[in-house]
Amino acid sequence: MLELVASTATHCPYCSLQCGMYLIDGDRGPTVAPRDFPTNRGGLCQKGWTAASLLTHPERLTTPLMRDHKGDDLRPVAWDAALDRIVRAIRTAQERDGRDTVGIFGGGGLTNETAYLLGKFARVALRTPQIDYNGRFCMSSAAAASIKAFGVDRGLPFPLEDIPGAETILLIGSNVVETMPPVMQYFDEQRRRRGNLTVVDPRATRTAQSASLHLQLTPGSDAALANGLLHIAIRDGLIDHDFIAARTTGFVEVRRVVASYWPERVERLTGVPAKQIEAAAHLLGEARTAMVLTARGTEQQSSGVENVLAFINLALALGKAGRPHCGYGCLTGQGNGQGGREHGQKADQLPGYRKIANPEHRAHIARVWNVDPASLPGPGRSAYELLDTLGEAGGVRALMLMGSNPAVSAPRVGHVRERLAALDFLAVADLFLSETAQLADVVLPSTQWAEEEGTMTNLEGRVLLRQRACDPPPGVWSDTQIIAALAERLGYGQFFPAEPRAVFEELRRASAGGIADYSGITYERIAGEDGVFWPCPNERHPGTPRLFLDRFATDDGCARFMSVQHRPSAEEPDNQYPFYLITGRVMTHYQSGTQTRRVKELHDAVPQAFVEIHPALAQRYGIADNDAVRLTTRRGVAIVYARLTTTIRLDTVFVPFHWGDQACVNLLTNPALDPISKMPEFKVCAVQMEKV
Ligand code: SF4
């Protein structure tokens with residue numbers, strides 16, 4: 001029986017905008033209402049409006065499940081039996097083959113408290129380096145590029161409210177009209193003030209259609225386009241020499257490299273007419289204020305870091321960074337994609353955005369955790385590398401997974417499903433029996449957003465409080481309770497508080513002095529101030545909505561130009577696989593669809609996966625609207641339904657990634673990794689198609 005604590009101010013469970021909402025008690029169960037919060041100003045998308053229906057969903061997991069042997073069915077068991085089984089599996093694997101054979105896989109939707117505790121659990125209770133999370137598949141390329149160029153990674157270095165003050169915005173690889181509709185209020189206001197928007201996207205999405213200029217580039221040619229824009233900016237005297245001299249280093253080499261990206265060559269590389277490239281460069285260069293914003297389209301490539309660096313070079317050369325209403329920013333994706341990567345869930349990081357390989361950083365965290373620094377493991381494998389070696393000699397043999405569904409969301413997912421099945425032991429904590437949970441030996445039912453207290457950090461770097469609005473169903477535990485209970489059984493109970501407030505107090509101390517410093521942030525401040533922006537080093541500090549106004553976060557305070565050359569995607573179309581396959585989202589679904597496919601309104605709006613094909617291309621293959629289409633790549637085969645549209649390029653097809661089984665586009669995607677961020681190339685591969 002659901003017991004609601006009246007109307008509670010909280011935030012949407014889904015994307016990084018973290019729209020403010022109320023959860024309201026009602027005769028017919030819980031509902032949500034929009035809340036006037038700085039990110040959404042009272043707006044919600046359809047996902048937010050329908051989020052409460054999942055709290056009482058009939059498919060909700062409410063008891064632990066366990067299978068006695070591989071091949072047996074999952075059966076309900078008591079919590080003690082499930083937790084004991086997990087601990088037995090951990091001990092068996094570690095005693096037999098060493099500590100590194102146990103791994104943890106987390107999620108970008110987990111609260112900061114859970115992400116922090118999960119990272120600590122891996123390093124202190126399991127002493128394994130093998131922990132990473134699905135956020136690696138999301139913003140890791142932008143994060144790596146921002147650290148290289150600016151010395152710090154925060155999605156947006158300014159609040160959303162600054163967007164209307166930008167005369168020009170260059171938006172690369174984002175369909176915000178569909179992915180986070182309430183944010184369009186800021187873009188609409190920008191255009192009401194006579195601002196303009198240039199969108200770079202292989203598809204004429206609704207966002208691109210709303211823009212002043214759309215550059216419909218060839219998939220994978222992003223860096224060439226960025227270099228071409230900078231070439232024109234230099235040629236036409238649009239760059240800001242004073243800014244470059246005073247606040248940056250490395251421009252000379254970048255200028256040398258982009259000299260070979262003249263417009264006609266870039267037109268050949270990108271498919272974008274030279275005249276459009278020139279127009280875009282002038283819109284940016286002639287504006288007094290401008291922003292360059294990237295998202296997954298350009299980041300989820302094997303050259304994702306270089307792509308982002310090339311666009312950062314452009315912003316720096318134009319003097320459009322570190323000034324009001326200017327800057328480079330990344331529109332993060334997952335609800336806590338930002339905070340999830342700041343507090344130790346990533347293979348190479350410790351809380352506060354510290355590096356696990358740095359002796360001083362290790363010493364600080366070990367002091368807070370009251371352990372010997374030498375006992376902390378070193379860096380582990382990145383997400384795909386970890387999944388790729390599951391069950392193999394030298395790989396992880398027992399895996400615990402929280403808030404993630406890699407059996408749908410990982411690249412080359414057929415292989416990843418095989419690796420998951422090859423594990424000696426898999427435990428999954430989730431709300432529903434996801435595709436990954438179906439493969440598990442033990443499944444733990446966990447709480448949803450409205451049932452647990454905790455903080456999230458949105459795309460602006462604003463730390464938010466999700467208040468507990470209702471009790472979970474009987475038998476459902478929070479993630480922090482689960483971690484603390486497992487730690488207790490492993491003999492480390494004294495290190496692991498289960499209450500989110502206690503965890504956050506420890507997180508504050510652990511992050512103190514780090515790049516992502518939360519030490520001045522309290523639950524009370526967050527609630528009273530509409531969130532607090534990090535870094536916030538003490539309780540009298542106001543927080544930092546705007547970074548870089550005086551200096552960048554590098555040793556000398558200067559931003560770094562990094563020269564980038566265009567290089568082709570890991571897999572380009574050829575005779576056998578003649579088209580580009582690109583992937584993305586639709587408005588009514590979220591990530592692997594574990595939640596949104598179970599919401600009737602959202603399911604009914606888009607019930608199945610589809611492939612967008614240009615009508616002229618479809619005609620060549622005898623494909624009509626709604627025909628079943630078999631898509632094949634070197635990784636596998638998927639069956640989806642045709643949706644004919646002139647908004648897609650003739651050489652490209654698009655499939656959204658929210659579905660499992662045979663409609664899962666990740667059966668097709670290429671796990672080629674960016675060498676720096678280890679981001680898989682979700683966004684570009686070569687495909688062939690035929691009517692089924
Ligand atoms: S835009 Fe994102 S945070 Fe806002 S309601 Fe939609 S899914 Fe939720």
Side-chain angles (χ1 to χ4, degrees), residues 8-24 30-55 107-112 135 138-139 155-156 159-161 163 171 174-189 205-207 210 293 295-296 330-340 403 409 431 448-450 454-467 469 530-531 584-599 601-603 605-606 656-658:
T8 307
T10 185
H11 293 271
C12 175
Y14 297 115
C15 84
S16 66
L17 195 56
Q18 285 296 289
C19 294
M21 58 168 55
Y22 294 103
L23 188 73
I24 301 167
T31 55
V32 301
R35 183 159 68 93
D36 190 12
F37 192 75
T39 54
N40 58 314
R41 293 178 173 170
L44 290 179
C45 78
Q46 200 178 357
K47 296 188 291 293
W49 275 108
T50 56
S53 68
L54 290 172
L55 292 166
L110 303 176
T111 62
N112 288 321
C138 198
M139 293 79 55
L156 295 178
L160 290 166
E161 68 187 51
I163 286 176
L171 181 64
S174 174
N175 183 13
V176 276
V177 167
E178 292 212 46
T179 54
M180 48 177 75
V183 89
M184 289 311 294
Q185 296 172 79
Y186 297 94
F187 288 84
D188 292 344
E189 190 180 334
T205 61
R206 285 169 58 196
T207 309
S210 75
L293 304 175
R296 303 306 83 70
C330 155
L331 299 172
T332 57
Q334 296 192 81
N336 199 27
Q338 181 71 47
S409 63
L431 323 175
Q448 296 193 37
W449 96 107
T455 60
M456 307 282 281
T457 305
N458 81 344
L459 76 171
E460 307 165 284
R462 186 195 302 257
V463 185
L464 307 165
L465 182 62
R466 274 195 192 162
Q467 309 208 59
D530 281 345
R585 289 173 50 189
V586 298
M587 197 268 272
T588 49
H589 288 284
Y590 183 69
Q591 305 301 69
S592 72
T594 303
Q595 296 170 82
T596 52
R597 280 186 272 133
R598 289 179 165 87
V599 177
E601 295 92 326
L602 303 181
H603 167 82
V606 187
F657 54 62
H658 311 291

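Values below: every heavy atom of this structure, side chains too, minus hydrogens, waters and symmetry copies. When a ligand or atom number is given, it counts from 1 through the structure's own listing order. No experiment lies behind these values; they were computed from the predicted model shown.
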Contacting atoms of ligand 1, where contact means under 4.0 angstrom from a heavy atom of [X]:
X      : value
Gln18  : 3 (S)
Gly48  : 5 (S)
Met180 : 1 (S)
Lys47  : 7 (S)
Tyr14  : 7 (S)
Pro182 : 1 (S)

Quiz prompt | Arg585 side chain vs Asn175 backbone, donor-acceptor pair below 3.5 Å | solution =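 Such a contact is absent between Arg585 side chain and Asn175 backbone.
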
| query | Side chain of Asn40, backbone of Gly20: donor and acceptor closer than 3.5 Å? | reply |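 Between the backbone of Gly20 and the side chain of Asn40 there is a qualifying donor-acceptor contact (under 3.5 Å).
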
Show the numbers, then the answer: is there a side-chain contact (heavy atoms from CB on, under 4.5 Å) between Gln595 and Tyr14? CA-CA 9 Å; Gln595 296 170 82; Tyr14 297 115; 4.0 Å; yes

key: Minimum heavy-atom distance Gln46-Thr50, with the two atoms named   =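 Where Gln46 meets Thr50 most closely, the heavy atoms are O-OG1, 2.9 Å.
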
Protein residue, atom and distance nearest to [atom], heavy-atom basis:
atom                    : answer
atom 8 (Fe) of ligand 1 : Cys12 SG, 2.3 Å
atom 4 (Fe) of ligand 1 : Cys19 SG, 2.3 Å
atom 6 (Fe) of ligand 1 : Cys45 SG, 2.3 Å

ask   = Do Leu459 and Leu17 touch side chain to side chain, with heavy atoms closer than 4.5 Å?
value =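 Of all side-chain heavy-atom pairs linking Leu17 with Leu459, at least one is under 4.5 Å.
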
Does any part of the side chain of Leu465, heavy atoms only, come nearer than 4.5 Å to the side chain of Gln467, both counted from C-beta?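 Heavy-atom side-chain distance check passes, below 4.5 Å.
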
Practice item. Show your working on side chain to side chain donor-acceptor pair (under 3.5 Å) between Ser592 and Thr594 and close with a plain yes or no. Key: CA-CA 6 Å; Ser592 72; Thr594 303; 3.1 Å; yes

- Can you tell me if an N/O/S atom from Cys15 lies under 2.8 Å from atom 4 (Fe) of ligand 1?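 No.
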
